[in-house]
J.: 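Below is the structure I would like to discuss, written out as structure tokens.
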There are 2 protein chains.
Amino acid sequence: MDLTDNDDPLDLDRQVCFPLYAASNLLNRLYRPILSELGLTYPQYLVMLVLWKHTPQTVGSLGELLFLDSGTLTPLLKRMETGGLITRTRDTADERRVLIHLTQKGRDLRSPALRVPEALAERLDIDIEEVVRLRDQVSRLVASLHTSSQATGSTSTERKPC
Amino acid sequence: MDLTDNDDPLDLDRQVCFPLYAASNLLNRLYRPILSELGLTYPQYLVMLVLWKHTPQTVGSLGELLFLDSGTLTPLLKRMETGGLITRTRDTADERRVLIHLTQKGRDLRSPALRVPEALAERLDIDIEEVVRLRDQVSRLVASLHTSSQATGSTSTERKPC
DNA sequence: TACGGTAATATTGTGCACAATTAAAAATTG
DNA sequence: CAATTTTTAATTGTGCACAATATTACCGTA
């Protein structure tokens, strides 16, 4: 039953990526009914988190912060524009850029969204200390993944399986 | 700069779910070119991991192991059948079930797939100890998410934000 | 001031992921 | 055994996620 007591590199229990994949799916499933009351999907909620912090953003700046590209963001932002949460306008100073601004409706959504974290917490059942550790460890992985996706070369000697 | 030095519950850096979401996307992006050489996507690779371990499976048993439902698996398995990796046949003993068997081509794919973990490891740059800790912590989260998605009631007093 | 190169966004096509619904077979129960 | 309920998978419709490509705008230089 020990997860490490196994020498098959293709055993599901030895995979690092599968728990991350499963956790992401399960969390999305948990968020869905909560966010649907606000008329948001999870990636749309992430865009709102960024915009509530600092406006305007461009498609590119959102993509850097959320690790998404225009192929994902452009249609997503169009749906949010249709929903009346944001505006998409070409930057007159640089016509290549598209500026994303919040509408009043988008700003007003922040207040009810403040209850989202606790609504989610009600559906979970984990020690808060462990969650903070988990967050910081996954964040380090994300940072590592982000840099390794840019530079193919590596300097470390210690490597790891996934 | 401290991630915890912040009292805004809607700050992106305080989210637990966002790093998991980002890590899942980034890992999938990393797997893609490696698995495409085998003609697999990441969820298809997970199905193969299960089938290489034990055959046959049903749509339901695969769904339980991978936390996916028939809406995702049915079209995915049809593509794998079209690709010649598996067969889908109704269970004669219980006509509701669909049995998933490996074809010879599917079995033969295991040998080249043995190199997938190391191919992925080459593109990462993390200490192996930390990865094992991460895997076990995320696995506990997945277990917790799995149970909390079934039973709405909870007994713990300590809750956590996300 | 054309022009080659680069940067930012949009488009296209494929494959998930899921809620909600449907369909059919099996199990249960009166 | 007939009616009801449950189980299993498929279908439908929406929204990501991404690679590859296209489009348009900026930028530098000769």
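Computation of the quantities below employed the complete heavy-atom set of this structure, encompassing side-chain atoms and omitting hydrogens, waters and symmetry-equivalent molecules. Computed from a predicted model, the values in this text were never measured in an experiment. In what follows, chains carry the letters A, B, and so on, assigned in the order in which the sequence lines appear, proteins first and then strands, with residues in each chain numbered from 1.
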J.: Looking only at heavy atoms, which two atoms of B/Ile34 and B/Arg123 are closest? And how far apart?
T.: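 Answer, listing the atom of B/Ile34 first, then B/Arg123: CD1-CD, 3.9 Å.
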
J.: Please determine, for the side chain of A/Asp69, which listed nucleotide (D/dA19, D/dA9, C/dC18) has the closest atom?
T.: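 Of the options given, the side chain of A/Asp69 lies nearest D/dA19.
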
J.: Is the shortest side-chain N to carboxylate O distance from B/Asp8 to A/Arg110 below 4.0 Å?
T.: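 So B/Asp8 pairs with A/Arg110 through a salt bridge.
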
J.: Return no unless some side-chain N or O of A/Lys78 is found under 4.0 Å from OP1 or OP2 of C/dT9.
T.: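 No, because none of the side-chain N or O atoms of A/Lys78 sits under 4.0 Å from OP1 or OP2 of C/dT9.
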
J.: Is the B/Tyr42 ring parallel, tilted or perpendicular to the B/Tyr31 ring (thresholds 30°, 60°)?
T.: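 Tilted: the ring planes of B/Tyr42 and B/Tyr31 meet at 30° to 60°.
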
J.: Between D/dC18 atom C1' and A/Leu68 atom CG, what is the distance in whole Å?
T.: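 Spelled out: CG on A/Leu68 to C1' on D/dC18 is 10 Å.
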
J.: Should B/Arg96 be listed as having a side-chain N or O under 4.0 Å from OP1 or OP2 of D/dA10?
T.: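 Looking at the OP1 and OP2 atoms of D/dA10, neither is under 4.0 Å from any side-chain N or O of B/Arg96.
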
J.: Taking atom C1' of C/dA8 as reference, at what distance in whole Å does atom CD of A/Gln57 sit?
T.: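 One finds 15 Å between C1' of C/dA8 and CD of A/Gln57, rounded.
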
J.: Taking CG from A/Leu35 and C1' from D/dC16, how many angstroms apart are they, rounded to a whole number?
T.: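 The answer, rounded to whole Å, is 14 Å.
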
J.: Let's test your reading of the model: under 3.5 Å, does the base of C/dA10 pair with the side chain of A/Ser70 as donor and acceptor?
T.: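 A donor-acceptor contact between them is present.
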
J.: Can you see if the side chain of A/Thr41 gets near the phosphate of D/dC16 - specifically, an N or O under 4.0 Å from OP1 or OP2?
T.: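 Indeed, a polar side-chain atom of A/Thr41 lies that close.
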
J.: Would you kindly give the CE-to-C1' distance between A/Met80 and D/dC16, to the nearest whole Å?
T.: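 Those two atoms, CE and C1', are 13 Å apart.
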
J.: Counting just side-chain N and O atoms, does A/Arg90 come under 4.0 Å of either OP1 or OP2 of D/dT24?
T.: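 No, no such contact exists.
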
J.: For A/Gly60, which contact category applies under a 4.0 Å heavy-atom criterion: base, sugar-phosphate, or nothing?
T.: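 The residue A/Gly60 makes sugar-phosphate contact but no base contact.
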
J.: Strictly below 4.0 Å: does B/Arg88 bring a side-chain N or O up to OP1 or OP2 of D/dA9?
T.: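 Answer no for this pair, as no side-chain N or O of B/Arg88 is under 4.0 Å from OP1 or OP2.
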
J.: Of the options D/dC16, D/dA25, C/dA17, whose atoms approach the side-chain atoms of A/Asn25 most closely?
T.: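 Nearest to the side-chain atoms of A/Asn25, counting from C-beta on, is C/dA17.
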
J.: For the side chain of A/Glu95, starting at C-beta, report the closest nucleotide among D/dA9, C/dA19, D/dC26.
T.: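 Among D/dA9, C/dA19, D/dC26, the one nearest the side chain of A/Glu95 is D/dC26.
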
J.: C/dA19, D/dA17, C/dC16: which one has an atom nearest the side-chain heavy atoms of A/Arg32?
T.: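 Among C/dA19, D/dA17, C/dC16, the one nearest the side chain of A/Arg32 is C/dA19.
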
J.: Counting side-chain heavy atoms from CB outward, which of C/dC16, C/dA26, D/dC18 is closest to B/Asp94?
T.: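 Nearest to the side chain of B/Asp94 among the choices is C/dA26.
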
J.: Atom CG of B/Leu76 to atom C1' of C/dA17: distance rounded to whole Å?
T.: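 Nearest whole value for this atom pair: 11 Å.
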
J.: Between the side chain of B/Trp52 and the main-chain N/O of B/Gly106, is any donor-acceptor distance below 3.5 Å?
T.: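 Yes, B/Trp52 side chain to B/Gly106 backbone: donor-acceptor pair under 3.5 Å.
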
J.: Could you check how far OH of A/Tyr21 sits from P of C/dG15, rounded to whole Å?
T.: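 These atoms are roughly 15 Å apart.
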
J.: Starting at the 5' end of DNA chain D and moving along, which residue's nearest nucleotide shows up first, A/Phe67 or B/Val98?
T.: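 That would be B/Val98.
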
J.: To the nearest Å, how far apart are A/Leu27 CG and C/dC18 P?
T.: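 So the two atoms are 11 Å apart, to the nearest Å.
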
J.: Reckon A/Thr74 has a side-chain N or O less than 4.0 Å from the OP1 or OP2 of C/dT9?
T.: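 False: A/Thr74 side-chain N/O out of range (4.0 Å or more) of C/dT9 OP1/OP2.
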
J.: For A/Leu77 and for B/Arg79, find the nucleotide of DNA chain C with the closest heavy atom, then tell me which residue's nucleotide is more 5'.
T.: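 Final value for this comparison: A/Leu77.
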
J.: Around atom CZ of B/Arg115, are there more than 12 heavy atoms from other residues, nucleotides or ligands closer than 6.0 Å?
T.: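 No, the 6.0 Å shell around CZ holds no more than 12 heavy atoms from other groups.
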
J.: Round to a whole Å and report the spacing from CG of B/Leu73 to C1' of C/dA19.
T.: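 Roughly 15 Å, once rounded to whole Å.
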
J.: Check whether A/Leu51 and A/Leu99 end up in the same hydrophobic cluster, where Ile, Leu, Val, Met, Phe, Trp and Tyr are linked by side-chain heavy atoms less than 4.5 Å apart.
T.: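 In one cluster with A/Leu51: A/Leu99, no.
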
